[in-house]
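Values in this document were obtained by computation on a predicted structure and should not be read as measured data. Lettering of chains follows the sequences in order, A, B, ..., and the numbering in each one begins at 1.
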2 protein chains.
Amino acid sequence: MNKVINLKSVQMSCTQCSLSQLCLPRGLDNDEFSQLDKIIKHERTLKKGEQLFELGQPFKSLYAVRSGSVKVFLPIKNGDVQVVGFHMPGELLGFDAIGHNAHTCTAVALETCNICELPSAQLHEHAQEIPGLYEHLMSLMSDEITEEHEMMLMLGRKSAEERIATFLLNLSARYSKRGFSPHKFHLTMSRNDIANYLGLAVETVSRCITHMQDEKLIEANRKYIHILDMEHLCEFVGTIDHECEMMKEGV
Amino acid sequence: MNKVINLKSVQMSCTQCSLSQLCLPRGLDNDEFSQLDKIIKHERTLKKGEQLFELGQPFKSLYAVRSGSVKVFLPIKNGDVQVVGFHMPGELLGFDAIGHNAHTCTAVALETCNICELPSAQLHEHAQEIPGLYEHLMSLMSDEITEEHEMMLMLGRKSAEERIATFLLNLSARYSKRGFSPHKFHLTMSRNDIANYLGLAVETVSRCITHMQDEKLIEANRKYIHILDMEHLCEFVGTIDHECEMMKEGV
DNA sequence: CGGCCTATTGACGCTACTCAACATGAGTGG
DNA sequence: CCACTCATGTTGAGTAGCGTCAATAGGCCG
């Protein structure tokens, strides 16, 4: 019972949120924290499959994943989509909407999610009072640009197996950063989503995963992934020099 | 002689720069303009092949292309690269460096370039005095994120011919926006750069261009491109509904 | 004019896609 | 609790698109 109440209170304040170091600027003082808490809405919950925002929808807020995970995609002809990213706790999304004042992609919950909301109206009003907030957001957007450059490298030059390896190691590093095991984790997205994201066919993803199991690099059972041989898996990534080291460090 | 002097003076001031509406926030008053002119360095010239910035280099400035064009790429193993973008006059680059305080890619002039520089130090100092500057930069970064999402769609789902068509129409729209013909233009990048950017082999690019000529969609002679049949070329792009219309409108 | 770099064209092979069958697990209702 | 259905994942066979290798052509610069 106590635990439930604690969880509730944690949800309601950035100050006590264990993810604040991931999604907020560093070095905020107490005043600034309470300013933020006034701006940010902590209430929103999404069930699996529910939309957070949709292509064309006017820009209302930026969003931070508090728990659960989110899939972001571009809708294409005939109900087909292109998955452009997955977001975990502590990650912000919705930056795509700033430029056009409307979202240019759609975000859907992959599982039950708690979402914090940073309304754009309040953002503009109170930006002055929290120095470094804009800088922080720009920093996050910059990181997103860098990540997407790496994605272009992935889709442009890497083989199917290299893509899967890179993908798994990327997830591993992100789980690790959040205090979970970098070796064992559960995928929150389907093979279909993975395939789509990596520019592959579902069958290819399946085959690669099976092959990596045969090579004793990983153990995989549906959503469950166990990385057995991080070293050799890293070698698979192989295209960029510094990339592998970054992943080993869990950056 | 007068012309030369005029050109010189144009280079030295945002106020009179014909590109200011592309790279600066809208609705600046004269005070804000002169503030900007104090911050921005207008002097830098690059010859073909010279670097604007390099992977790992500390974040010093954002850059605006004033004339010429720039190629941005990730260096990979063995001197190989992944081209991640091309920039034309009026476009800003260097956003990748904000997050890490160092550049995560390299930028090189494709031809003789004039570059305006927005030093990061002054940016932070004077941001308060020019309301909307941060918002504008975030807006540009947001657009870059959206464009890279479309790039992921390109690399993930589109065929070789669709990629070439999309690429040519994208250039066409950007030239059009700058007052040049959307039908006839000169490529500033090599086939190699195009192939690399689009995740294809040079030979495939060559073959596709030849094929499009056979189909009377375009006329191409090395760097020179003449789009003969915009309509049908647009149909080639085909994957996203609204994409084609955007290109026809020259957005 | 000659050498070099870029672009084009052709032949061939491989990777990854498509189509199809099958397996497995999750969810539902009796 | 089990049987049924549907969604998701796996496996196999055949193929097409694109990459690779190699030869040739055309422009650029010394």
Side-chain angles (χ1 to χ4, degrees), chain A residues 47-49 71 78-83 108 110-112 154-168 186-215 218-225 236 238-239, chain B residues 47-49 71 76 78-83 110-112 154-168 186-215 218-225 236 238-239:
Chain A
K47 273 177 249 156
K48 181 175 177 174
K71 163 176 83 169
N78 311 328
D80 208 4
V81 306
Q82 170 68 48
V83 176
V108 163
L110 286 168
E111 52 191 325
T112 304
M154 178 108 124
L155 297 170
R157 307 246 86 75
K158 291 190 188 181
S159 72
E161 292 220 317
E162 286 170 341
R163 294 184 203 190
I164 306 283
T166 310
F167 177 68
L168 291 179
H186 279 269
L187 301 173
T188 58
M189 65 296 283
S190 68
R191 295 281 190 274
N192 228 310
D193 288 334
I194 298 174
N196 189 303
Y197 178 60
L198 298 178
L200 299 170
V202 203
E203 295 92 329
T204 309
V205 173
S206 243
R207 272 186 264 268
C208 283
I209 289 180
T210 319
H211 185 237
M212 286 172 156
Q213 275 183 292
D214 296 346
E215 302 282 315
I218 62 170
E219 228 174 79
N221 193 317
R222 304 225 148 207
K223 309 271 184 193
Y224 174 73
I225 298 287
F236 250 96
T239 332
Chain B
K47 273 177 249 158
K48 181 174 175 173
K71 164 177 82 170
I76 322 181
N78 310 328
D80 209 4
V81 306
Q82 169 68 49
V83 176
L110 287 168
E111 53 190 323
T112 304
M154 179 107 122
L155 297 169
R157 306 247 87 76
K158 292 190 188 182
S159 72
E161 293 221 316
E162 287 170 341
R163 293 184 204 191
I164 306 283
T166 310
F167 177 68
L168 291 178
H186 280 269
L187 301 173
T188 59
M189 65 296 283
S190 69
R191 295 281 190 275
N192 228 310
D193 289 333
I194 298 174
N196 190 303
Y197 177 59
L198 298 179
L200 299 170
V202 202
E203 294 92 329
T204 308
V205 173
S206 245
R207 273 186 264 268
C208 283
I209 289 180
T210 320
H211 185 238
M212 285 173 159
Q213 274 183 293
D214 296 344
E215 302 281 317
I218 62 170
E219 229 174 79
N221 193 318
R222 303 227 147 206
K223 309 269 183 194
Y224 173 72
I225 297 287
F236 250 95
T239 332

Could you state the atom-to-atom distance from [atom1] of [X] to [atom2] of [N] in whole Å?
X: A:Arg222; N: C:dA23; atom1: CZ; atom2: C1'; value: 8 Å
X: A:Glu111; N: C:dA26; atom1: CD; atom2: C1'; value: 17 Å
X: A:Met212; N: D:dT11; atom1: CE; atom2: P; value: 15 Å
X: A:Arg157; N: C:dT15; atom1: CZ; atom2: C1'; value: 15 Å
X: B:Glu161; N: D:dG19; atom1: CD; atom2: P; value: 13 Å
X: A:Leu155; N: D:dG19; atom1: CG; atom2: P; value: 14 Å
X: B:Ile164; N: D:dG17; atom1: CD1; atom2: P; value: 16 Å
X: A:Lys158; N: C:dA16; atom1: NZ; atom2: P; value: 14 Å

Phosphate OP1/OP2 of [N]: any [X] side-chain N/O under 4.0 Å:
X: A:Arg191; N: D:dT10; answer: yes
X: A:Lys223; N: D:dG9; answer: yes
X: A:Ser206; N: D:dT10; answer: yes
X: A:Thr210; N: D:dT11; answer: yes

If you check every side-chain atom of [X], which of [options] has the closest atom?
X: B:Glu203; options: C:dT9, D:dG12, D:dC18; result: C:dT9
X: A:Val202; options: D:dC18, D:dT10, C:dC17; result: D:dT10
X: A:Ala201; options: C:dA16, C:dC17, D:dC18; result: C:dC17

Sugar-phosphate only, base, or nothing, as touched by A:Ser190 at under 4.0 Å among non-hydrogen atoms: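 Here A:Ser190 touches the backbone only, sparing every base.
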Remember a base hit wins even if backbone is also touched, and classify B:Ile209 as base, sugar-phosphate or nothing at under 4.0 Å, heavy atoms. nothing
Both B:Met189 and A:Arg163 contact DNA chain C. Which one's nearest nucleotide lies toward the 5' end? B:Met189
Return yes if the base of D:dG17 and the side-chain atoms of B:Arg207 contain a donor-acceptor N/O pair under 3.5 Å, otherwise no. no
Does a side-chain heavy-atom distance below 4.5 Å link [X] with [Y]?
X: A:Arg157; Y: B:Asn196; answer: yes
X: B:Ile209; Y: B:Ser206; answer: no
X: B:Lys48; Y: B:Leu110; answer: no

Please round to the nearest 0.5 Å and tell me the distance separating atom CD of B:Glu162 and atom CG of B:Leu198. 12.0 Å
Measure the spacing between CZ of A:Arg207 and CE of A:Met212 and express it to the nearest 0.5 Å. 15.0 Å
